[in-house]
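Reading through the structure tokens given below for one structure.
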Amino acid sequence: MSGETAIGIHDLSIATTRYVLTHATLAAQIGSDVAKYERGIGQVSMSVAAPDEDIVTMAAAAAEPIVARHGADRIRTVVFATETAVDQAKAAGIHVHSLLGLPSATRVVELKQACYSGTAALQFGISLVHRDPAEQVLVIASDVSKYDLGSPGEATQGAAAVAMLVSADPALVRIEDPSGIFTADIMDFWRPNYRTTALVDGRESISAYLQAVEGTWKDYTERGGHDLDEFRAFCYHQPFTKMANKAHRHLLNYCGHEVDEAAVNRAIGHTTTYNAVIGNSYTASMYVALASLLDNADDLTDQAIGFLSYGSGAVAEFFAGTVVPGYRALLRSRSHREAISRRQDIDYARYREIHEHSFPVDGGDYPVPRETTGPFRLAGLSGHKRIYEPR
Ligand code: CAA
């Protein structure tokens, strides 16, 4: 635990998009075998953001029920983690702060390090609560994963946001010390400022991820962390759900354990349910895995969960959390399942149109048609400013 005070995730809420594209549709379009996606990478469908949705609207949709349940009186910090920032200067969290009517006595900041920064945000939040246990920190991870049409990465797109309230005496998961951390300068996935789609060396990225599994675990054990056998389940960053399988097999092997499929399924099974239909949500992905585990597994009270957060480039962190008694009464399982099931299926032509959509850059007025069914929308771009509104 962090010092004397138990600190961790007090509430957790996820949001995703208006639309969904199935891998069956994608496979039919590009003449590929759908089994390559459904079995090969473990993905069935991907969330697609409508033109009036983005990281801000998803983030606000995820955070709104948290603020409704707990109020905003104790929230003095909002940390927004994303790889798909909407501005080079202003933190996207300020739009969320405004949409949710949070107090002006709040600090808001955005963090970036590919898919890892959600965990940096969580650790930042824990440190602030450690300094003053009366405060709460709203941590948000929100991303729209986008690769070039026709590229191997296209099948691993997706979009989602996770909002977490970090607090002393948390109701869901206590986050513990130590963390095992790892950094190596690797160009496995990156996105230059002039591109809207990510660049990736697919094979290199998988081996970099596995190298990070070893690096973080080595540091974690050297710092006196739990033994592998003490964990009930593992939430891995899931760029595609098969990656969690590859990572856990690698960890078992690295630790000299027998690698059998039943043990792997027991460790990661329920963590992949949501990501298999949402796709990669970069910073949010590992926390979507946590939501999936808590919502779908049998009672996990007092069980240790291992977290492996990986961000290309590459930075990674392994840490443990323990599930708090009574957590099940506070889960948002129904609204999570509804957010996923109410997405509207789109055909390839519509997906392609959305994929190619971008705003002109001349500073004119560009309203966006109403499409989202979420509580907030991007109303348009005017004078180079993004305009958000409740729907
Ligand atoms: N039936 C069943 N399985 C099949 C199949 C079929 N008909 N055809 C292929 N497969 C299997 C392959 O054997 C392979 O499995 P293994 O890796 O276990 O061998 C799997 O399906 C994928 O096949 P390919 O390797 O041929 O697929 P690909 O070259 O088209 O691309 C990819 C796969 C490299 C993951 C690509 O989707 C990609 O570049 N994705 C983006 C990068 C990424 O997600 N990297 C992950 C680590 S980086 C990270 O985690 C950060 C992040 O979020 C980006």
Side-chain angles (χ1 to χ4, degrees), residues 21 23-24 26-47 81-84 112-120 141-160 162 182-184 186-191 195 197-216 234-251 253 259 261 264 268 271-272 275-276 278-289 307-318:
L21 178 78
H23 283 76
L26 182 67
Q29 174 65 29
I30 61 182
S32 170
D33 182 354
V34 70
K36 170 174 173 178
Y37 303 132
E38 295 186 350
R39 282 196 282 119
I41 60 170
Q43 290 303 132
V44 174
S45 61
M46 59 178 88
S47 285
T82 188
E83 190 276 335
T84 40
K112 177 183 71 179
Q113 187 0 76
C115 310
Y116 166 72
S117 65
T119 296
S142 182
D143 268 305
V144 177
S145 159
K146 197 168 171 187
Y147 295 91
D148 284 344
L149 292 169
S151 70
E154 184 180 17
T156 64
Q157 297 175 124
V162 171
F182 176 83
T183 289
I186 304 170
M187 292 302 281
D188 60 327
F189 163 103
W190 68 107
R191 187 166 65 83
R195 287 182 64 98
T197 50
L199 296 166
V200 66
D201 179 338
R203 288 289 128 196
E204 171 78 5
S205 71
I206 293 171
S207 80
Y209 185 128
L210 298 178
Q211 189 187 334
V213 169
E214 287 183 25
T216 53
F234 291 79
C235 292
Y236 287 92
H237 167 57
Q238 294 172 12
F240 50 93
T241 64
K242 191 75 180 291
M243 191 67 226
N245 183 290
K246 285 180 193 291
H248 197 62
R249 296 175 78 90
H250 193 81
L251 182 60
N253 199 30
V259 182
E261 204 53 34
V264 175
I268 64 165
T271 71
T272 59
N275 281 316
I278 286 176
N280 195 356
S281 55
Y282 293 156
T283 54
S285 154
M286 189 181 78
Y287 300 98
V288 172
F307 294 88
L308 187 285
S309 178
Y310 174 75
S312 292
V315 178
E317 179 160 347
F318 184 93

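Whatever order the structure lists ligands and atoms in, that order sets their numbers, starting from 1. Nothing fancy with the numbering, it's 1 onward along the sequence. Every heavy atom of this structure was used, including side-chain atoms; hydrogens, water molecules and symmetry mates were not.
- Close approach of ligand 1 to S312 (heavy-atom distance below 4.0 Å) involves ligand atoms 48 (S), 49 (C), 51 (C).
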Side chains of residues 206-214: which donor-acceptor partners sit under 3.5 Å, not counting sequence neighbours?
unit_1: S207; atom_1: OG; unit_2: E204; atom_2: O; d: 3.3
unit_1: Y209; atom_1: OH; unit_2: H237; atom_2: N; d: 3.4
unit_1: Y209; atom_1: OH; unit_2: H237; atom_2: O; d: 2.7
unit_1: E214; atom_1: OE2; unit_2: H250; atom_2: NE2; d: 2.7

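- The heavy atom nearest to atom 44 (O) of ligand 1, considering only P239, G313, A27, is found in P239.
- Nearest non-hydrogen protein atom to atom 9 (C) of ligand 1 is K36 CG, 3.6 Å.
- Closest to atom 35 (C) of ligand 1 among all protein heavy atoms lies F240 CE2, 3.5 Å.
- A salt bridge links D148 to R195: at least one charged side-chain nitrogen sits closer than 4.0 Å to a carboxylate oxygen.
- Distance screen at 4.0 Å: atom 13 (O) of ligand 1 has no protein heavy-atom neighbour inside the cut-off.
- Counting protein heavy atoms under 4.0 angstrom from atom 54 (C) of ligand 1 gives one or more.
- Contacts between S205 and ligand 1 below 4.0 angstrom, taking non-hydrogen atoms only, involve backbone and side chain alike.
- For atom 29 (O) of ligand 1, the candidate residues are S285, P152, C115; the nearest heavy-atom contact is made by P152.
- Proximity of the aromatic rings of Y282 and F189 is defined here by a centroid distance below 6.0 angstrom, and this criterion is met.
- Of all protein heavy atoms, the one lying nearest to atom 17 (O) of ligand 1 is K246 NZ, 2.6 Å.
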